[in-house]
Amino acid sequence: MTIDWDDVRYFLAVARHGSVRAAAAQLDVNHTTILRRIAQLETRLHSQLFEKLPAGYRLTEAGEQVQELAEQMEASSNLLVSRVSGRDQAVRGPLRVTMAPTLATHLLMPDFADFARQHPEIEMEIHSSLENANLTNREADVALRVVFNRNSLPQNLHGVKGPDLSVGVYMSRDLLAAWKAGTSGDIRWISKNIEGVPEWAHGDVVEVTGAPFRVLEDAAHLEAMRLGLGISALPSFVGDAEPLFVRVPGTRLGPHGTLWVLTQGEARKTKRVRLFTEFISERLRAHAELLAGEIHPHDHLAKQNLRIANSVQDA
């Protein structure tokens with residue numbers, strides 16, 4: 001009897017999510033394909049693998065045994081891909097990089113463009129998302145992650161420590177002027193999560209009095225601040241660069257974790273991955289003062305332009 005590995009992949013997706021719909025979304029297929037694949041696997045194994053419940057799918061006892069072996073198959077498959085790809089020393093092919101949207105949009109895109117120009121045969125794919133891609137499952141080749149606790153890093157990943165990041169509290173210049181004139185009314189806390197005002201963000205001058213205002217998407221979050229809906233925390237390299245924003249009087253910069261460059265297993269030995277991690281690690285070191293809030297973005301840009309001009313002259 002031969003087991004189709006694709007059937008096993010579909011089985012694992014449902015086992016992990018407990019939902020056919022969620023598994024279909026992960027694998028980018030329709031739910032009928034999921035159901036057909038699972039039925040095919042159950043036929044081959046002569047066993048029922050799931051119990052259908054109102055809340056979703058639950059593994060049967062046979063299904064639990066299959067999941068354990070299926071995960072071993074998955075690990076072996078990932079290891080095979082990782083080892084073979086690790087032998088690929090060509091400076092061509094795909095390179096997938098994942099990071100938070102603010103890093104891609106407000107800081108690193110010029111660096112990525114520079115790398116792409118230097119290596120035109122590398123097919124760069126930038127994933128800007130707050131979701132952590134699974135490097136072990138080859139969802140990305142390199143991850144740039146803000147880490148608050150070094151011990152939380154997965155032990156199977158290779159990490160290069162980057163600079164520390166700072167975060168500040170900002171408001172629009174118009175809102176500050178209205179507050180000084182006594183015409184601002186309630187001042188809301190604008191956030192991208194359900195948490196309240198962080199302890200470090202409390203100032204001793206401007207008081208948050210209005211109901212919270214939550215915006216989950218980065219661009220909309222910044223637009224809400226530009227419109228003067230309230231005050232919010234932003235990475236200092238974002239807030240200081242926005243001409244319509246000022247730091248809220250009476251507040252201070254706070255810690256926002258450390259940036260790490262992460263790769264996994266044999267994949268990190270491929271030449272294109274090694275080239276990129278060395279390149280971006282050097283660029284992050286050059287951005288260290290900006291990320292820590294120790295230099296204004298305009299001064300940082302001037303400093304970077306001078307560095308580029310000197311390197312061109314030396315060449």
Side-chain angles (χ1 to χ4, degrees), residues 22 25 98-109 126-132 144-149 152 163-259 287-301:
T98 179
M99 74 218 68
T102 50
L103 287 171
T105 304
H106 298 277
L107 180 68
L108 296 178
M109 195 56 71
I126 304 300
H127 295 254
S128 56
S129 171
L130 294 176
E131 297 293 329
N132 286 338
L144 306 179
R145 289 184 188 168
V146 178
V147 177
F148 297 92
N149 180 359
S152 67
D164 294 330
L165 283 76
S166 66
V167 61
V169 187
Y170 296 85
M171 66 194 308
S172 72
R173 294 182 183 275
D174 288 345
L175 181 59
L176 177 60
W179 175 80
K180 288 180 176 179
T183 60
S184 62
D186 286 340
I187 294 181
R188 298 170 179 265
W189 177 259
I190 305 174
S191 70
K192 291 190 289 185
N193 52 47
I194 61 173
E195 299 174 1
V197 185
E199 185 62 33
W200 62 266
H202 286 281
D204 53 12
V205 179
V206 179
E207 184 179 358
V208 175
T209 57
F213 190 90
R214 299 187 182 94
V215 187
L216 302 182
E217 195 270 327
D218 280 335
H221 176 239
L222 291 177
E223 187 62 19
M225 292 184 63
R226 293 187 189 104
L227 292 171
L229 288 176
I231 67 178
S232 188
L234 292 171
S236 59
F237 72 88
V238 176
D240 289 343
E242 172 59 60
L244 298 181
F245 295 169
V246 292
R247 293 185 189 178
V248 175
T251 61
R252 57 183 175 82
L253 291 180
H256 193 53
T258 302
L259 195 56
H287 294 316
E289 287 182 307
L290 176 66
L291 292 170
E294 297 171 354
I295 187 173
H296 192 276
H298 294 160
D299 297 329
H300 175 71
L301 180 60

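All figures in this text were calculated on a predicted structure; none of them were measured in a lab. Numbering of residues begins at 1 and proceeds along the displayed sequence.
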So, using side-chain contact (heavy atoms from CB on, under 4.5 Å) as the criterion, who are the partners of [X] when residues are at least two apart?
| X | result |
| --- | --- |
| S128 | P101, A104 |
| A178 | T183, S184 |
| H127 | R96, T98, E125 |
| A25 | none |

Would you say that [X] contacts [Y] through its side chain, given a criterion of any heavy-atom pair below 4.5 Å between the two side chains?
| X | Y | answer |
| --- | --- | --- |
| V206 | V169 | no |
| P249 | L176 | yes |
| L175 | M225 | no |

Could you tell me the separation between the CG atom of L165 and the CG atom of L103, rounded to the nearest 0.5 Å?
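Going from the CG atom of L165 to the CG atom of L103 covers 6.5 Å.
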
side-chain hydrogen bond (donor to acceptor under 3.5 Å, both in side chains) partners for [X], two or more places apart:
| X | answer |
| --- | --- |
| E207 | none |
| T258 | D164 |
| H300 | H287 |
| D186 | T209 |

According to salt bridge (charged side-chain N to carboxylate O under 4.0 Å, His left out), does anything in residues 165-182 pair up with another residue at least two apart or in another chain? List the pairs.
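Salt bridge (charged side-chain N to carboxylate O under 4.0 Å, His left out) check on residues 165-182 returns no pairs.
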
Can you pull the salt bridge (charged side-chain N to carboxylate O under 4.0 Å, His left out) pairs that have at least one residue in residues 222-236, sequence neighbours excluded?
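Every pair satisfying salt bridge (charged side-chain N to carboxylate O under 4.0 Å, His left out) with a residue in residues 222-236: E223-R226, R226-E242.
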
Restricting to non-hydrogen atoms, name the atom on [X] and the atom on [Y] that form the minimum distance, rounded to 0.1 Å.
| X | Y | answer |
| --- | --- | --- |
| L144 | L259 | C-CD1, 4.3 Å |
| L222 | F245 | O-CZ, 3.7 Å |
| V205 | G250 | CG2-CA, 3.8 Å |

Check the pair M99 / I126 against side-chain contact (heavy atoms from CB on, under 4.5 Å), numbers first and verdict last.
CA-CA 8 Å; M99 74 218 68; I126 304 300; 3.7 Å; yes

Considering only distance and modelled atom types, tabulate donor-acceptor pairs under 3.5 Å from the side chains of residues 227-240, sequence neighbours left out.
residue, atom, partner, partner atom, Å
S232, OG, I190, O, 2.5
S232, OG, H221, NE2, 2.8
S236, OG, S166, OG, 2.6
D240, OD1, Y170, OH, 2.8
D240, OD1, R247, NE, 3.2
D240, OD2, R247, NH2, 2.7

Set of salt bridge (charged side-chain N to carboxylate O under 4.0 Å, His left out) partners for E289, sequence neighbours left out:
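With neighbours one apart ignored, the set is K303.
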
